[in-house]
Amino acid sequence: MSRELTPCQWIERSIHKKYRKQLWRPFTYAIKHYELIQPGDKIAVCISGGKDSMLLAKLMQLLQRHSDFPFELVYLVMDPGYNPINRQKIESNAALLEIPITIFETNIFQVANNSDTSPCYLCARMRRGHLYSKAKELGCNKIALGHHFSDVIETTVMGMFFGSQLQAMLPKLHSTNFEGMELIRPLYCVHEDDILAWRRYNDLEFIQCACRFTENCSICDNGGGGSKRQEVKVLIRRLKRDNPNIEKSIFNSIHAVSLDTMVGYKTHGVRHSFLEHYDDVSVDDPED
């Protein structure tokens, strides 16, 4: 007689079986290809409560369970001022997935929502700083975030269309403000559509953007509506109708930059130019 599986075991089984090709393989490929984890690492897996970070936490847990070398994990939840419903949803999902979370509280939503300009940008910057600080306090040398393949594509396109720059999202980078800390993105090769399919298959419900600002406004990246990221999502979806491989092409392009064909470039914030009078060339800023 076969042993009856728990809800968590069914979810883990779906990762190893049904979605092995879509989730597990690209996840482990990114870990190895970009050398994101080293023996002895202590990694803070940062959980916002959304589908991406929750899946990341479960994948990292499974990886640790089957890894050939030792590394430590801390599942870190920063409460920036969630309403009680969202806070409870995060805790209940962590329990369902059997992820032992560590929660710490901040007043980020309060500060960001009282800002007259760019509350979403301020919120994101403050979140990152608090996560680095808490992770370092807990003895971690890395933080893992849930940015995925689709985020990489959208960020690249957004930089071109709205930021007047060719800029991608790295799979790992060293912090300039927190010495000895590194940020890694283990979902770098995992597509968002596959994460959504996994969520639906397991009938899971995660929080969306929980910012109180977006409860009354739709301009935040995760809030849908009129955000620039949402515009880019729609654009890419349209372009895929004619070119199904367009996302792959954009992804490959950031791995094969022909620097000698670029008029100018920046390294560590310092601008380099092949034009003698580059500063005389200007491009109008895009309208909001």
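The first residue in the sequence is number 1, and the count goes up from there.
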Checklist entry - Do Met181 and Ile143 touch side chain to side chain, with heavy atoms closer than 4.5 Å? => result yes

Practice item. Evaluate whether atom NE2 of His16 has more than 12 neighbouring non-hydrogen atoms of other residues, nucleotides or ligands under 6.0 angstrom away. Key: yes

Would a distance-only check, ignoring hydrogens and angles, find a side-chain to backbone donor-acceptor pair under 3.5 Å from Asp79 to Gly81?
yes

Show, in sequence, the C-alpha distance, side-chain angles and deciding distance for Arg87 and Ile103, and conclude whether the side-chain contact (heavy atoms from CB on, under 4.5 Å) test is met. CA-CA 10 Å; Arg87 172 69 177 257; Ile103 303 177; 3.6 Å; yes

For residues 150-162, the side chain to side chain donor-acceptor pair (under 3.5 Å) pairs (sequence neighbours left out) are His148-Asp151, Glu154-Arg229, Glu154-Lys233, Thr155-Arg229

Answer yes or no: is there a donor N or O on one side and an acceptor on the other, between the side chain of Gln61 and the main chain of Glu98, under 3.5 Å?
yes

* Find out if a path of hydrophobic residues (ILVMFWY) with successive side-chain heavy-atom gaps under 4.5 Å connects Trp10 to Leu204. => no

**OP:** Treat each ILVMFWY residue as a node, draw an edge where side-chain heavy atoms are under 4.5 Å apart, and state whether Leu235 and Phe149 are in one component.
**Re:** yes

_For Glu205, is there an ion pair with Arg200 - N to carboxylate O distance below 4.0 angstrom?_
no

(Q) Checking Arg65 against Glu12 for the side-chain contact (heavy atoms from CB on, under 4.5 Å) test, could you report, in this order, the C-alpha distance in whole Å, the side-chain angles of both residues, the deciding distance, and whether it holds? (A) CA-CA 12 Å; Arg65 191 180 300 170; Glu12 292 177 352; 3.2 Å; yes

Whether over 12 other heavy atoms sit under 6.0 Å from Asp203 CG
no

Practice task
Spell out, as yes or no, whether a donor-acceptor pair under 3.5 Å connects the side chain of Ser249 to the backbone of Asn245.
Solution key: yes

Side chains of Ile184 and Pro171: closer than 4.5 Å at any heavy-atom pair? no

Any salt bridge linking Lys51 with Glu192? Criterion: basic side-chain nitrogen under 4.0 Å from a carboxylate oxygen.
yes

(Q) Using only atom types and a distance under 3.5 Å, with no angle test, would you say the side chain of Asn141 pairs donor to acceptor with the backbone of Lys42? (A) yes

So CD1 of Ile37 and CG of Leu73: to nearest 0.5 Å the spacing works out to 7.0 Å

The reported gap from CD1 in Ile47 to NZ in Lys58 (rounded to nearest 0.5 angstrom) is 10.5 Å

Would the distance check show the side chain of Ser53 and the main-chain N or O of Ser48 forming a donor-acceptor pair, the cut-off being under 3.5 Å?
yes

Do Met160 and Val152 sit in one hydrophobic cluster, given that two such residues count as connected whenever their side-chain heavy atoms are within less than 4.5 Å of each other, even indirectly? yes

- Query: Are Gln165 and Lys266 side-chain neighbours, meaning at least one heavy-atom pair lies under 4.5 Å?
  - Reply: yes

> Do side-chain atoms of Lys89 reach the backbone of Phe206 as a donor and acceptor pair under 3.5 angstrom?
Replying inline: no

Does Gln9 offer a backbone N or O that forms a donor-acceptor pair with the side chain of Thr6 under 3.5 Å? yes

Taking every heavy atom of Gly49 against every heavy atom of Ile90, the minimum-distance pair comes out as CA-CG1, 3.7 Å

To the nearest 0.5 Å, atom CG of Leu131 lies from atom CG of Leu145 at 7.0 Å

| query | Taking the side chain from Ser253 and the backbone from Ile250, do they hold a donor-acceptor pair closer than 3.5 Å? | reply | yes

In short, Phe71 meets Gln38 closest at the heavy-atom pair CB-O, 4.3 Å

Residues Asp52 and Gly146: closest non-hydrogen pair is CB-O, 3.4 Å

Say whether Phe161 and Leu166 are linked into one hydrophobic cluster, either directly or through other cluster members, by side-chain heavy-atom distances under 4.5 angstrom. yes

Notebook entry, point to check: Can the ring centroids of Tyr188 and Tyr29 be said to lie less than 6.0 angstrom from one another?
Noted result: no

- Do Val45 and Phe69 belong to the same hydrophobic cluster, where Ile, Leu, Val, Met, Phe, Trp and Tyr are linked whenever their side-chain heavy atoms lie under 4.5 Å apart, directly or via other members? yes

Note: Ile31 and Pro186 closest approach over all heavy atoms is CD1-CB, 3.7 Å

Open item on the list: Is there a side-chain contact between Ile99 and Tyr75 in this structure, where contact means two heavy atoms from C-beta onward sitting under 4.5 Å apart?
Closed with: yes

Practice task
Would you please test Lys142 and Glu72 for salt bridge (charged side-chain N to carboxylate O under 4.0 Å, His left out) and show each step?
Solution key: CA-CA 10 Å; Lys142 294 180 179 179; Glu72 297 181 62; over 6 Å; no

How far apart are the C-alpha atoms of Asp193 and Gln22, what are their side-chain angles, what is the distance that settles it, and do they pass the side-chain contact (heavy atoms from CB on, under 4.5 Å) test?
CA-CA 9 Å; Asp193 286 344; Gln22 296 90 340; over 6 Å; no

Q.
Centre-to-centre under 6.0 Å for Tyr19 and Tyr201, is that the case here?
A. yes

For Ser14 and Trp198 the tightest heavy-atom approach is OG-NE1, 3.2 Å

To the nearest 0.5 Å, atom CG of Asn202 lies from atom CZ of Arg199 at 11.0 Å

Item to complete: Specify whether Phe27 and Trp24 have parallel, tilted or perpendicular ring planes, treating 30° as the upper limit for parallel and 60° as the lower limit for perpendicular.
Response: tilted

Is the CD atom of Glu91 crowded by more than 12 outside heavy atoms at less than 6.0 Å? yes

So CG of Leu187 and CG of Leu23: to nearest 0.5 Å the spacing works out to 8.5 Å

request  = Using atom types as modelled and distance alone, determine if a side-chain donor or acceptor of Arg185 lies under 3.5 Å from a backbone N or O of Leu170.
outcome  = yes

Query raised in the report: Does some side-chain heavy atom of Pro7 sit less than 4.5 Å from a side-chain heavy atom of Leu96?
Result: yes

Next on the checklist: Centroid separation under 6.0 Å, is that true for the rings of His33 and His255?
Outcome noted: no

Heavy atoms of Leu76 and Ala135 approach each other most closely as CD2-N, 4.1 Å

Flag the pair Arg127 / Pro80 as yes when at least one side-chain heavy-atom distance between them is below 4.5 Å, and no otherwise. yes

d(Lys134 NZ, Glu137 CD) to nearest 0.5 Å is 4.0 Å

Item to complete: Please step through side-chain contact (heavy atoms from CB on, under 4.5 Å) for the pair Lys228 and Val232, ending with a clear verdict.
Response: CA-CA 6 Å; Lys228 297 304 182 187; Val232 170; 5.6 Å; no

* Keeping the roles fixed (side chain from Asn86, backbone from Tyr82), state whether a donor-acceptor pair exists under 3.5 Å. => no

